[in-house]
Novice: 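Dumping the structure here so I can ask a few things about it.
Bear in mind the structure is a predicted one, so any value in this text is a computation, not a measurement. Reckoned from all heavy atoms, side chains included, excluding hydrogens, waters and symmetry mates. Order of the sequence lines sets the chain letters (A, B, ...), proteins ahead of strands, with each chain counted from 1.
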Amino acid sequence: MTDFLNELNEPQQEAVKATEGPVMVIAGAGSGKTRVLTYRIAYLLSLGIEPFNILSLTFTNKAAREMKERIAQLVGHSKAKSLWMGTFHSIFARILRVESDKLGFPANFTIYDTDDSKRLIKNIIKEQNLDDKTYNPGYVLSRISNAKNNLIGPIDYNEDFEIQSADTAARKPKLGLLYSIYQQRLRKASAMDFDDLLFNTNVLLRDFPDVLYKYQQKFTYILVDEYQDTNFSQYLIVKKLAANNENLCVVGDDAQSIYAFRGANIANILNFKKDYPDYKLYKLEQNYRSTQNIVNAANSAIAHNKDQIFKKVWTQNEQGEKVKIYKAANEADEAAWIAGRIFEWRAQQQLPNSAFAILYRTNAQSRALEEALRKLNIPYRIYGGVSFYQRKEVKDVLAYFRLIINPQDEEAFSRIINFPARGIGDTTLNKLRVAAEEKGISLWEAALNAPALQLGFNAGTLNRLQEFTLMIKGLGTQLFKYNAFELGEKIVNQSGIRKFYFEDDSPESINRKENIEELLSGLKDFVMAPNEEGEENTFRTLDEFMQDIALLTDADTKTSGPEDTNKVSLMTIHAAKGLEFPYVFIGGVEENLFPSQLSIGSRAELEEERRLFYVALTRAMRQATITWAETRFRYGNFNFCEPSRFIDELKPEFIDYLPGAKPKKSQQAKQESFSESFKNFRKVSEATSQPAQSAPDAAADGDFVILTGAQLMPDMKVQHQRFGTGTVAKVEGGGPDAKATVIFANFGKKQLLLKFARLKIVS
DNA sequence: AAAGCGGTACTTTTT
DNA sequence: GTACCGCTTT
């Protein structure tokens with residue numbers, strides 16, 4: 001039973017066998033961290049520990065799923081199934097549903113995602129008549145999130161002198177008020193946001209000693225993966241649960257901490273020895289993944305960080321090729337070059353597409369890469385980006401599901417009250433909002449009682465409101481009568497969503513249609529799939545489905561079928577964490593992009609970017625290639641770029657500049673080359689300025705003017721800043737109301753009101 | 001109330 | 001380039 005231990009090296013084995021008491025494992029990149037975690041759990045099980053007494057926390061659903069699969073291979077499915085293994089958010093959401101009454105929430109509380117939270121905050125800002133530029137919803141949310149992750153509730157927030165003076169100094173004194181209102185509204189909607197799942201777990205364990213005791217007794221062994229990414233809130237939950245017997249094993253790598261931006265705190269790793277003075281420390285330093293050149297280059301990069309735990313990652317693997325650096329002229333060239341190398345190396349070495357990954361800092365960079373890959377017919381898959389469950393049409397359908405399950409859900413309500421259009425517009429919704437606020441009731445209750453509330457609605461509006469509430473109520477009574485799939489079908493039909501999308505066959509609509517069908521087929525799979533106990537075809541309701549998917553976000557949408565696994569992977573570096581690929585390209589390694597512009601001001605943030613760079617390099621097994629572009633098209637205009645400082649920081653002996661990608665010597669050289677290429681650019685644009693059409697040149701702006709109807713005639717060619725060139729089909733009206741119908745080459749027929757449209761006459 | 005337009009601002013990463 | 005806002009017209 002324990003012969004699998006032989007597959008581990010010395011320190012790995014020790015870490016697996018130290019089952020009792022606090023243990024910290026510092027695991028360098030590629031050192032077999034997941035292996036240690038899975039074998040440790042298998043080992044615990046082999047000692048007779050019950051799987052339901054083991055709590056194992058991860059950061060992504062994917063990591064949890066993969067680990068569960070690997071454990072199942074070691075100890076069998078039945079045991080693996082009863083493990084408490086999942087993300088912090090999903091495990092504690094599960095517990096909160098069981099204990100919800102203690103906190104005054106219904107068991108079917110809704111989980112708001114970031115998008116819902118932002119919308120709610122936006123509404124509150126509007127209602128408070130605050131300027132949404134000073135109170136940018138994203139910023140407000142991040143402040144609130146930060147407070148929650150540090151267990152500062154609205155009352156504490158408003159009473160904390162330092163916070164208040166900081167907010168006042170930043171001229172945002174109303175943040176505390178917004179926080180309070182936001183929390184009230186969440187509660188009224190019977191909803192929790194992501195951070196509340198952790199915050200409220202802390203409240204539960206703090207205020208209900210019997211509950212704490214129960215879970216302490218239950219979880220006798222606790223494991224935490226990616227411990228460097230835990231925030232204070234998560235740290236405290238773990239600490240409380242483990243307080244009884246301290247059988248706690250945390251695994252992490254300070255060099256791979258890349259989530260400080262959302263509250264992760266490396267201090268948790270650094271402070272472990274303070275909390276558990278008799279802890280055992282194991283360091284996994286042998287890298288099994290990468291060549292020597294890759295490991296050494298990555299080490300030389302991370303060495304520039306000050307905040308570090310000392311460790312020496314090394315490998316016995318072959319030396320391998322040096323890390324290649326390529327300088328591209330622009331992002332299209334960069335993408336074409338990468339695609340070209342994949343094409344070439346694939347052929348030369350008989351490699352599958354799946355041997356390659358292209359990593360980048362921001363999702364926006366994928367576009368050029370996709371185009372280049374498509375040109376060479378190289379199959380690829382993009383991970384991340386806008387996830388399935390975030391797409392508008394999917395969220396719309398889910399909002400119906402949510403409202404039926406929990407009619408108090410304010411965000412779901414305002415999302416679908418008039419979608420598909422049923423004649424209940426902003427005016428009506430605003431009146432309902434005001435009434436709900438005044439009476440302290442939810443939007444749903446306001447809509448239900450609209451006639452009694454005397455809001456001055458006409459009979460038609462009242463009628464439409466009643467129709468809507470009746471529909472939702474009617475569907476609600478069927479929640480436990482039909483299974484998730486059957487009810488989902490009914491909802492899509494009765495709500496009019498199916499009709500709305502299926503009557504329109506624009507390409508966009510077709511795509512949306514497909515997404516809705518995919519969601520429904522997901523419901524079908526859910527209904528058919530065996531449940532936790534392994535029984536098939538059990539009756540599973542929509543409400544269970546929603547609990548299942550509330551915390552799925554990224555590429556959790558069904559791992560693609562076996563036939564399409566042979567693809568090049570494209571993803572952000574964040575998404576690549578924990579993965580490995582034989583050949584890795586890192587694109588856009590330029591100042592202001594990587595490191596990100598926003599991080600350059602602070603050392604801590606810059607160090608996080610550097611860790612991100614370290615993560616990127618250490619994904620590569622055989623070959624890592626870094627590319628950067630001299631110019632990049634961003635936000636609709638050209639930007640000149642300099643190579644990232646991270647390239648300079650790599651020790652020269654481990655890297656290989658490809659022709660043209662010469663190292664720059666000093667800061668002055670950098671500036672010279674910058675101004676030189678700027679001069680060259682000017683020359684080029686001056687030289688080619690005759691048609692001025694293809695060069696999106698800033699000077700051309702002035703050429704777009706407001707024309708009068710008299711200046712335009714049918715068949716004239718005009719240019720529009722957004723729509724490009726087109727032919728005038730018709731000119732109607734005169735004076736200020738003159739309208740022109742223009743057929744644009746790329747955008748089709750558009751009607752332009754001439755007093756607004758800026759046009760240029762081409763011929 | 002809805003649709004369609006032009007203008008503006010925004011872009012890091014994710015449970 | 002895109003999402004969203006707010007203005008206008010129907």
Side-chain angles (χ1 to χ4, degrees), chain A residues 57-64 86-93 111-115 117-119 122 126 132-133 136-139 142 145 149 193-198 226 229-231 233-234 258-264 359-365 367-368 384-387 389-390 392 418 420-429 458 460-461 464 550-556 571-577 588 592-599 605 608-609 611-612 615-616 633-637 696 704 706 720-723 733 736-737 739 750-758:
Chain A
L57 298 165
T58 59
F59 266 80
T60 61
N61 296 300
K62 202 168 83 193
T87 62
F88 274 88
H89 292 84
S90 70
I91 293 278
F92 295 116
I111 297 172
Y112 275 12
D113 67 13
T114 311
D115 185 58
S117 301
K118 227 181 241 173
R119 282 166 186 260
K122 201 181 267 176
K126 210 184 246 170
D132 63 357
K133 269 154 213 140
N136 172 304
Y139 173 78
S142 80
S145 170
N149 288 332
D193 68 13
F194 285 144
D195 303 314
D196 284 338
L197 295 173
L198 306 174
E226 310 279 17
D229 287 335
T230 49
N231 59 38
S233 184
Q234 292 165 323
I258 54 176
Y259 286 109
F261 73 91
R262 65 171 210 230
L359 309 182
Y360 36 79
R361 180 68 181 82
T362 65
N363 279 310
Q365 288 167 255
R367 175 167 278 127
V386 179
S387 95
Y389 293 109
Q390 311 273 11
K392 186 201 169 292
N418 200 29
R422 50 174 71 85
I424 307 175
D426 288 342
T427 323
T428 308
L429 185 56
N458 61 34
T461 306
R464 289 189 287 263
L551 293 163
L552 293 189
T553 33
D554 61 325
D556 292 329
M571 65 186 91
T572 64
I573 301 165
H574 283 87
K577 185 158 163 205
N592 296 327
L593 180 58
F594 193 14
S596 147
Q597 201 162 8
L598 299 165
S599 73
E605 285 176 52
E608 173 144 319
E609 295 279 314
R611 292 192 293 270
L612 198 54
V615 168
F633 203 63
R634 276 222 277 174
Y635 319 136
N637 46 30
F704 292 98
I706 310 258
H720 183 278
Q721 268 179 305
R722 188 140 67 98
F723 301 130
D737 297 326
K739 244 192 315 194
K750 297 276 175 202
Q751 293 220 322
L752 305 178
L753 205 54
L754 291 177
K755 66 176 164 182
F756 292 121
R758 288 175 182 277

Novice: DNA chain B in dot-bracket, Watson-Crick or G-U pairs under 3.5 Å, [ ] crossing, | other strand?
Specialist: ||||||||||.....
Novice: For A:Y112, which residues count as a side-chain hydrogen bond (donor to acceptor under 3.5 Å, both in side chains) partner, sequence neighbours excluded?
Specialist: A:D409
Novice: For A:D195, enumerate each residue passing the side chain to side chain contact (heavy atoms under 4.5 Å, CB included) test, keeping only those at least two apart in sequence or located in another chain.
Specialist: A:S145, A:K148, A:N149, A:D193
Novice: Does B:dT15 have its OP1 or OP2 closer than 4.0 Å to a side-chain nitrogen or oxygen of A:S90?
Specialist: no
Novice: Could you walk me through whether A:F59 and A:Q234 pass the side chain to side chain contact (heavy atoms under 4.5 Å, CB included) test, one step at a time?
Specialist: CA-CA 11 Å; A:F59 266 80; A:Q234 292 165 323; 3.8 Å; yes
Novice: So which protein nitrogen or oxygen atoms get under 3.5 Å of nucleotides 8-10 of chain B's nitrogens or oxygens?
Specialist:
none

Novice: NA contact type, A:F59, heavy-atom cut-off 4.0 Å: base, sugar-phosphate, or nothing?
Specialist: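 A:F59: backbone/sugar contact only, no base atoms under 4.0 Å.
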Novice: Answer yes or no: does a side-chain N or O of A:N363 lie under 4.0 Å from OP1 or OP2 of B:dT13?
Specialist: yes
Novice: Sequence neighbours excluded, which residues qualify as side chain to side chain contact (heavy atoms under 4.5 Å, CB included) partners of A:A64?
Specialist: A:T58, A:M85
Novice: Under the salt bridge (charged side-chain N to carboxylate O under 4.0 Å, His left out) rule, collect the residues that match up with A:K577, sequence neighbours excluded.
Specialist: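 Per chain and number, A:K577 pairs via salt bridge (charged side-chain N to carboxylate O under 4.0 Å, His left out) with A:E226, A:D229.
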Novice: Below the 4.0 Å mark, does B:dT15 have OP1 or OP2 next to a side-chain nitrogen or oxygen of A:K62?
Specialist: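 False: A:K62 side-chain N/O out of range (4.0 Å or more) of B:dT15 OP1/OP2.
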Novice: Would you indicate what A:E609 reaches in the nucleic acid, counting non-hydrogen atoms under 4.0 angstrom: base, sugar-phosphate, or nothing?
Specialist: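 Base contact.
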Novice: Roughly how many Å apart are C:dC4 and B:dT13, using the P atom of each and rounding to a whole number?
Specialist: 16 Å
Novice: Base of B:dT15, side chain of A:T114 - is there a donor-acceptor contact under 3.5 Å?
Specialist: yes
